> 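For reference, the structure I am asking about is given below.
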Amino acid sequence: MSEELLRQRDYWNREITQFEAIYSHKKSSLSAWLDRMFRRDMYDRFVYTLKNTEPVADHTVLDVGCGTGRYIMALMQRGCPHATGIDISEQMIGHCRAQAQAGGFSDKTEFIRTDLLDYTPPRVFDVCIGIGLFDYITDPLPVLRKMRDCTGVRLIASFPRKWTWRAPIRKARLALRGCNVRFFTRAQVRDLLTAAGFKSISLSTVGKLFCVTASVR
Ligand SMILES: C[S@@+](CC[C@H](N)C(=O)[O-])C[C@H]1O[C@@H](n2cnc3c(N)ncnc32)[C@H](O)[C@@H]1O
């Protein structure tokens with residue numbers, strides 16, 4: 001792993017509890033209220049992704065940067081036949097495996113600690129998800145090309161928008177914790193997806209994010 005990726009991994013190993021608390025709301029009521037106000041797009045992109053994964057019972061899924069596995073658990077509960085999650089953080093992968101076991105989904109899920117660029121998929125997945133991933137990717141094109149190779153039907157991804165009031169604050173806050181974040185214009189997202197070989201690109205503004213659905217044919 002590159003120095004940058006090792007820093008990224010260490011950051012997520014440290015941040016797992018804080019990150020999961022954004023979903024579980026296991027926080028003080030003030031922090032939970034702040035999340036609902038200022039991280040609303042994280043909840044909205046979750047809804048967006050589940051909707052665009054339909055018909056989920058017909059789709060196998062690869063979740064790149066699966067984090068604590070919230071997306072895969074929700075997909076399992078909706079009848080997804082198989083999902084694989086990959087992540088560079090061993091803490092995240094350990095958490096996902098425990099969640100899958102607790103939910104009775106171990107036989108329909110697989111969690112692998114790897115960088116996407118080192119991953120050899122055993123098959124093509126119908127749907128490939130990259131949510132909250134491109135914020136942290138320095139060179140997105142090779143990652144998108146690899147996702148394209150892993151995808152049989154469609155990609156669902158999010159990209160943080162450039163030129164929002166929150167972008168410079170977030171950049172400074174995460175830089176202090178050793179994590180580099182990047183932001184995108186609409187044209188950059190479209191150009192990257194096109195260069196990676198995606199077609200029928202649908203790009204929606206969801207709060208401070210772009211949410212994207214794109215097909216491979
Ligand atoms: C913000 S979290 C998002 C987690 C999850 N997708 C969600 O939205 O709940 C980003 C995750 O991407 C992982 N990640 C970053 N770069 C990666 C890479 N090159 N390959 C695999 N995982 C990566 C990090 O370890 C982290 O867990």
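All ligand and atom numbering here is 1-based and tracks the order in the structure. Predicted, not measured: the structure shown is a model, and the values here were computed from it.
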> Rounded at 0.5 Å granularity, tell me how far CG in L116 sits from NZ in K146.
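It is 5.5 Å, given to the nearest 0.5 Å.
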
> Going by the rule side-chain hydrogen bond (donor to acceptor under 3.5 Å, both in side chains), which residues pair with R170 if we only count those two or more places apart in sequence or in a different chain?
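Listed in chain order: D135, Y136.
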
> With H82, which residues qualify under side-chain hydrogen bond (donor to acceptor under 3.5 Å, both in side chains), at least two apart?
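side-chain hydrogen bond (donor to acceptor under 3.5 Å, both in side chains) check on H82 returns T84.
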
> Can you name the side-chain hydrogen bond (donor to acceptor under 3.5 Å, both in side chains) partners of N180, sequence neighbours left out?
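So N180 forms a side-chain hydrogen bond (donor to acceptor under 3.5 Å, both in side chains) with K171.
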
> Does either side chain, that of Y48 or that of T213, offer a donor lying less than 3.5 Å from an acceptor on the other one?
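Side-chain D/A pair, Y48 to T213: present.
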
> Do T68 and E20 have a side chain donor and acceptor closer than 3.5 Å?
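Checked: T68/E20 side chains pair up, N/O donor to acceptor below 3.5 Å.
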
> Select all protein residues for which some heavy-atom-to-ligand 1 distance is less than 4.0 Å, and list them by chain and number.
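Heavy-atom contacts below 4.0 Å: W12, F19, Y23, R45, G65, C66, G67, Y71, D87, I88, S89, M92, T114, D115, L116, I131, G132, L133, Y136, I137.
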
